[in-house]
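Chain letters run A, B, ... following the sequence lines, proteins first and then strands; every chain starts at 1. These numbers were taken from a predicted model, which means no experiment stands behind them.
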There are 2 protein chains.
Amino acid sequence: MKYTKRDRQQLLLETLEKNPFITDEQLASTFNVSVQTIRLDRMELSIPELRERIKSVAAHNFGEEVKSLPLNEVIGEIIDIDLDKQAISILDITQDHVFARNGIARGHHLFAQANSLAVAVINDELALTRKSTITFVKPVKAGDRVIAKAVVLSSDTEKNSTLIEVTSKVENDTVFIGQFSMYRVTKS
Amino acid sequence: MKYTKRDRQQLLLETLEKNPFITDEQLASTFNVSVQTIRLDRMELSIPELRERIKSVAAHNFGEEVKSLPLNEVIGEIIDIDLDKQAISILDITQDHVFARNGIARGHHLFAQANSLAVAVINDELALTRKSTITFVKPVKAGDRVIAKAVVLSSDTEKNSTLIEVTSKVENDTVFIGQFSMYRVTKS
DNA sequence: CACCATTTTAGCACTTGGTACTAATATCAG
DNA sequence: CTGATATTAGTACCAAGTGCTAAAATGGTG
């Protein structure tokens with residue numbers, strides 16, 4: 001048996017919530033009604049057509065690529081790098097990085113920026129963090145621009161070990177300090 | 001004067017890179033050529049039509065909300081918690097967490113799991129990480145299930161300070177150890 | 001049962017932003 | 001001047017719609 005109008009429209013909403021990439025025709029066949037009925041439903045619920053739905057999904061997420069932490073990339077934008085010596089990256093703190101309650105940035109974002117910068121500055125096939133000591137000097141708030149500077153302190157070729165210090169600042173105020181002991185695999 | 005074909009096509013690429021939401025007609029008028037020329041250019045550069053471009057932007061960003069690190073939540077799933085005493089969370093390492101080259105998990109994910117667990121175990125309005133020392137004992141690979149256990153070592157009410165140790169294991173092998181010195185704001 | 005309202009279908013013209021293809025012009029280089 | 005390359009024009013067609021009109025099905029209610 002077909003659904004009632006009310007039920008169908010409810011389901012329609014849920015269906016499109018889950019998958020906005022679906023045509024009226026496909027909807028019609030899944031609900032066993034005509035395309036026109038679907039159109040009427042969309043009108044009543046003021047759901048836009050497929051193309052507009054897609055456009056809004058795209059527009060919504062466009063330019064917001066930074067919103068989600070790009071797991072495989074460097075966190076923050078590297079603006080200067082001198083391999084095996086030093087590197088600088090910038091991370092703009094948004095609402096997404098902070099505790100909702102007080103607007104203070106979660107520690108792991110600062111760590112992620114510093115750690116990935118430490119990895120980036122090493123001119124090698126691969127660098128792994130072995131050990132690190134970090135200090136959160138001052139809270140960072142949404143809207144702050146964190147500038148992290150990584151400096152290679154020493155490199156022990158014997159032990160495949162490199163010591164890096166990363167200092168992060170917001171408007172010249174140090175907010176984070178981290179020492180990273182990195183393990184490196186020399187280029188073949 | 002109009003651009004040469006080569007220049008125009010180069011600019012076309014850049015333009016669409018910046019803004020994929022633009023029709024051939026608009027492109028034609030910005031480059032002072034006919035719509036057909038734009039179409040030919042797109043063919044030669046194998047750039048898909050507007051709708052396909054939008055669709056790919058939308059598809060790209062749809063469903064990836066979970067794939068990326070949920071910035072505002074606890075990283076990993078808390079399976080046991082005894083406030084102010086200890087807590088345990090699980091994080092399944094996927095391809096998204098690792099270096100593509102060697103499949104070893106990036107340090108900041110382990111840190112994020114441990115750090116957010118340390119925050120969670122504190123039974124307070126707010127907890128901030130003040131200082132931490134961490135050691136990556138053993139590399140973690142894609143497919144591993146990391147079980148982090150946070151234990152509150154001591155609590156200094158005077159200083160609003162709490163010391164927490166987090167030990168992360170994969171199949172009973174310790175992979176990560178971290179000491180976190182947390183600053184806490186007592187509940188009002 | 002008959003009647004009216006609601007709901008569902010159907011059909012047609014028109015819109016956008018294209019593709020695919022053909023054919024006519026420009027434009028330039030040797 | 002002649003070819004080759006580049007550009008423009010024009011046609012038919014498509015997908016996924018909107019907007020509109022009209023017919024049919026369905027459902028209660030007196």
**Q** Would you say B:Leu11 ends up clustered with B:Leu45 if hydrophobic residues are merged whenever their side chains have heavy atoms under 4.5 Å apart, either directly or through other cluster members?
**A**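 B:Leu45 and B:Leu11: one cluster.
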**Q** Which nucleotide wins on minimum distance to the side chain of A:Glu49, given the candidates D:dT7, D:dG17, C:dG18?
**A** D:dG17
**Q** For A:Thr37 and A:Ser34, run side-chain hydrogen bond (donor to acceptor under 3.5 Å, both in side chains): C-alpha distance rounded to whole Å, both residues' side-chain angles, the deciding distance at 0.1 Å, then the answer.
**A** CA-CA 5 Å; A:Thr37 302; A:Ser34 71; 3.1 Å; yes
**Q** Give a yes or no on whether a donor-acceptor pair under 3.5 Å exists between the nucleobase atoms of C:dG18, that is its base, and the side chain of B:Arg51.
**A**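 Result: no qualifying N/O pair found.
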**Q** Looking only at side-chain N and O atoms, does B:Thr23 come under 4.0 Å of OP1 or OP2 in C:dG17?
**A** no
**Q** Starting at the 5' end of DNA chain D, which residue's closest nucleotide do you reach first, A:Glu25 or B:Gln36?
**A**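 Looking at DNA chain D, the more 5' nearest nucleotide goes with B:Gln36.
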**Q** Grab the CZ-P distance between A:Phe31 and C:dT9 for me, whole Å please.
**A**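 Distance, rounded to whole Å: 13 Å.
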**Q** Kindly say if B:Ser34 contacts the phosphate of D:dT8, meaning a side-chain N or O under 4.0 Å from OP1 or OP2.
**A** yes
**Q** Which label fits A:His109 and A:His97: parallel for a plane angle under 30°, tilted from 30 to 60°, or perpendicular past 60°?
**A** perpendicular
**Q** With a 4.0 Å cut-off on heavy atoms, is B:Arg8 in touch with a base, just the backbone sugar-phosphate, or nothing at all?
**A** sugar-phosphate
**Q** Over all strands shown, is A:Arg53 touching base, sugar-phosphate only, or nothing at heavy-atom distances under 4.0 angstrom?
**A**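 Answer is nothing: A:Arg53 stays at 4.0 Å or more from every strand.
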**Q** Tell me: CD of B:Glu52 to P of C:dG18, nearest whole Å?
**A**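 B:Glu52 atom CD is separated from C:dG18 atom P by 10 Å.
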**Q** Should A:Lys5 and A:Glu44 count as an ion pair when the cut-off is N to O under 4.0 Å?
**A**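 A:Glu44 and A:Lys5: salt-bridged.
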**Q** Could you state the atom-to-atom distance from CG of A:Leu40 to P of D:dG17 in whole Å?
**A**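 From A:Leu40 CG to D:dG17 P: 14 Å.
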**Q** Just compare C:dT19, D:dT18, C:dG17 and give me whichever is closest to any side-chain atom of B:Leu50.
**A**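 That would be C:dG17.
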**Q** To the nearest angstrom, how far is B:Asp24 atom CG from C:dA20 atom P?
**A**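 Spelled out: CG on B:Asp24 to P on C:dA20 is 13 Å.
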**Q** Could you tell me the separation between the CG atom of B:Asn32 and the C1' atom of D:dA6, rounded to a whole number of Å?
**A**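 The answer, rounded to whole Å, is 16 Å.
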**Q** Report the residue (B:Arg39 or A:Gln9) whose heavy-atom-nearest nucleotide on DNA chain C is the more 5′ of the two.
**A** A:Gln9
**Q** 5'-most contact on DNA chain D: A:Ile47 or B:Thr37, nearest heavy atom basis?
**A**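 Nearest nucleotide further toward 5': that of B:Thr37.
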**Q** B:Tyr3 OH to D:dA6 P: how many Å, rounded?
**A**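 So the OH-P distance, B:Tyr3 to D:dA6, works out to 19 Å.
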**Q** Nearest to the side chain of A:Lys5, which nucleotide is it out of C:dG18, C:dT7, C:dT9?
**A** C:dT7
**Q** Nearest whole Å is fine: how far is D:dT7 P from B:Ile38 CD1?
**A** 10 Å
**Q** Walk me through whether A:Ser132 and A:Gln179 qualify under side-chain hydrogen bond (donor to acceptor under 3.5 Å, both in side chains).
**A** CA-CA 5 Å; A:Ser132 92; A:Gln179 274 100 33; over 6 Å; no
**Q** Can you measure B:Lys55 atom NZ to C:dG17 atom C1' for me and round it to whole angstrom units?
**A** 13 Å
**Q** For A:Arg6, answer base if it contacts any base atom (sugar-phosphate contacts may also be present), sugar-phosphate if it contacts only those atoms, and nothing otherwise; contact means non-hydrogen atoms under 4.0 Å.
**A** nothing
